[in-house]
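Read the numbers this way: they start at 1 and go in the same order the structure lists the ligands and their atoms. These figures come from a predicted structure and were not determined experimentally. If you read the sequence from its start, that first residue is 1, and numbering goes on from there.
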Amino acid sequence: MASSSSFYVFLCSLAVFLFLGSHAAKPLDPFGSTGIHLSIRKNMTSLQYYTPVEMGSGTGDHINILKYSAKLVIDLGGQLLWVNCDEYNSTSYRPIPCGSAKCKAARGSGCVGCNLPPRPGCTNNTCGVYAYNSIKNLLASEGLGEDVMSVYSTNGVSIIVSYDVPHFPFSCAAPFLLKGLASGTNGMIGLARTPTSLPNQIALAIKLPHPRKFALCIPSSTESGFGDIFIGGGPYYMAPYAKDLSKLLTTTPLLTNPVSTAPVYSEGEPSDEYFIGVKAIRVDGTKLVSFNISLLAIDKKGVGGTKLSPIAPYTLLHTSIYKALVSEFVKKAATKKIKRVTSVAPFGACFSTKTLSSTQTGPFVPTIDLVLQKDSVYWRIYGANSMVQVNKDVLCLGFVDGGSNPRTSIVVGGHQMENYVLEFDTSNYPKFGFSSSLLLHNSSCSHSRIF
Ligand SMILES: *[C@@H]1O[C@H](CO)[C@@H](O)[C@H](O)[C@H]1NC(C)=O
Ligand SMILES: *[C@@H]1O[C@H](CO)[C@@H](O)[C@H](O)[C@H]1NC(C)=O
Ligand SMILES: *[C@@H]1O[C@H](CO)[C@@H](O)[C@H](O)[C@H]1NC(C)=O
Ligand SMILES: *[C@@H]1O[C@H](CO)[C@@H](O)[C@H](O)[C@H]1NC(C)=O
Ligand SMILES: *[C@@H]1O[C@H](CO)[C@@H](O)[C@H](O)[C@H]1NC(C)=O
């Protein structure tokens with residue numbers, strides 16, 4: 001995983017946490033908008049989630065029409081946006097000079113040059129930043145540039161008007177960095193707690209009611225519509241459920257991991273990924289006990305704890321937690337007369353579909369609770385999110401052994417995050433809010449939001 005093979009580089013420049021305010025934020029439109037919306041799609045082969053965005057400006061007759069349509073794999077822990085610039089052309093692209101305030105804010109270091117004809121990705125005296133592919137753990141030092149990005153406002157129900165976010169910073173990467181990304185995608189977009197992340201850049205360009213909040217509704221399939229990224233706070237409506245889900249979230253503090261989990265970082269820099277405090281795991285109400293509970297805490301070296309990362313298709317667990325979960329789940333499944341069958345890798349417990357009945361929340365299997373600050377606060381995972389269909393006859397427990405020495409003990413993966421509203425609030429008391437499974441409300445994260 002991304003965090004396991006980190007290396008350390010001392011960057012001379014001090015981290016500057018906000019872009020100097022050279023561009024005033026635009027107000028939201030007067031048509032009832034409450035935030036900005038982007039959609040989420042899922043590639044069912046690679047199990048990656050991506051968002052389509054329009055960037056750049058066309059030339060000649062096509063000014064503001066011929067934009068670059070990028071499909072960017074969503075990296076919740078990613079620090080900035082990068083795209084393959086071999087296919088990128090735009091009249092509004094500008095390289096960011098080395099040593100500039102914008103370069104420092106993007107944690108840039110050094111200068112990048114190029115001896116080929118100038119184009120986006122080939123400019124002189126350009127701020128160098130790291131572009132990181134967290135799927136294949138590939139890192140490259142590339143030039144930082146900026147260009148316009150088009151996004152839409154929303155009132156939580158539908159899409160309202162299109163906005164141009166000027167000066168959106170991103171790294172122009174070489175095509176090799178696309179390795180492992182779903183074909184048809186052109187780069188990655190970062191949502192981490194960095195000044196260059198998508199939510200923070202949008203909040204800088206557009207005045208939002210809650211500039212430090214964004215939410216995800218991650219789809220399990222995009223056959224019947226798309227999932228959502230909401231930037232700027234609620235309301236969040238997920239038809240046919242009629243209530244505003246932003247009012248119904250359970251919250252838990254977002255924790256700070258004191259040691260960066262990025263591939264490159266300066267000394268003393270905390271992680272900008274999203275960690276939560278899982279205190280225990282329950283299977284049908286029974287707490288798992290046969291592992292060392294201190295694995296659930298983040299220690300002084302930044303090891304242990306629980307982070308959220310849909311780059312992992314399935315939740316990864318430290319071997320001892322994994323064994324405890326499989327063993328209790330198998331025991332509880334047996335009491336429900338669910339027949340265990342031969343395991344199918346990478347999963348450790350598989351069952352015959354013939355012995356499983358189906359419910360509104362997926363196959364009827366033991367529930368798994370991630371218990372948070374106290375016993376009464378938990379994230380409940382039902383069959384649709386715990387089980388994976390590997391073939392017509394077999395369903396497996398969709399958790400994976402993350403090894404006996406992982407940097408982070410629990411990495412909550414995409415399959416477990418689907419069809420919940422998940423809100424990240426990075427204001428003074430950072431917190432993570434989550435809804436109950438939308439399946440309980442006959443809803444999901446696959447729908448269309450139209451004008
Ligand atoms: C980019 O667009 C400009 C203006 O139309 C054109 O001169 C240039 O050749 C294009 N570059 C590439 C790499 O397509
Ligand atoms: C960068 O500078 C070098 C040396 O001055 C020059 O040969 C080269 O063409 C420049 N590259 C670009 C992309 O302008
Ligand atoms: C999903 O990704 C796979 C592997 O890269 C690719 O073959 C497939 O065409 C993609 N599917 C869609 C719908 O884009
Ligand atoms: C649990 O792990 C901690 C940290 O690695 C260690 O100090 C402690 O002795 C362990 N406890 C048990 C019961 O193994
Ligand atoms: C969801 O749909 C099912 C079947 O269509 C129905 O029985 C159930 O009452 C509905 N539940 C809610 C919460 O609307």
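Taking 4.5 Å as the limit, every side-chain heavy atom of Pro97 sits out of range of all side-chain heavy atoms of Asn125. Two residues are said to be in side-chain contact when any heavy atoms from C-beta on lie closer than 4.5 Å; Leu397 and Leu325 meet this criterion.
Close approach of ligand 2 to Leu116 (heavy-atom distance below 4.0 Å) involves ligand atoms 13 (C). Under a 4.0 Å criterion applied to the non-hydrogen atoms of Ser294, ligand 4 contributes the atoms 1 (C), 2 (O), 3 (C), 4 (C). Contact atoms of ligand 2 toward Pro118: 13 (C) (distance under 4.0 Å to a heavy atom of the residue).
Not less than 6.0 angstrom separates the ring centroid of Phe424 from the ring centroid of Phe230.
The presence of a protein heavy atom under 4.0 Å from atom 13 (C) of ligand 3 is ruled out.
For the cysteine pair Cys172 and Cys85, the distance separating the two SG atoms is below 2.5 Å. Cys pair Cys103/Cys127: SG-SG separation is below 2.5 Å.
When hydrogens are left out, the protein atom nearest atom 7 (O) of ligand 3 is Ser183 OG, 3.6 Å; that is the closest non-hydrogen contact. In terms of protein heavy atoms, atom 3 (C) of ligand 2 is closest to Asn124 ND2, 3.6 Å. Taking atom 1 (C) of ligand 3 as the reference point, the nearest protein heavy-atom neighbour is Asn43 ND2, 1.5 Å. Looking at atom 6 (C) of ligand 4, its nearest protein heavy atom turns out to be Asn292 ND2, 4.2 Å.
Looking at Pro117 next to ligand 2, no N or O pair under 3.5 Å apart turns up.
Side-chain atoms of Asp147 and Tyr88 form a donor-acceptor pair, as typed in the model, at a separation below 3.5 Å. Between the side chains of Tyr236 and Asp228, not a single donor N or O lies within less than 3.5 Å of an accepting N or O.
Heavy atoms of Gly113 come nearer than 4.0 angstrom to ligand 2 in no pair at all.
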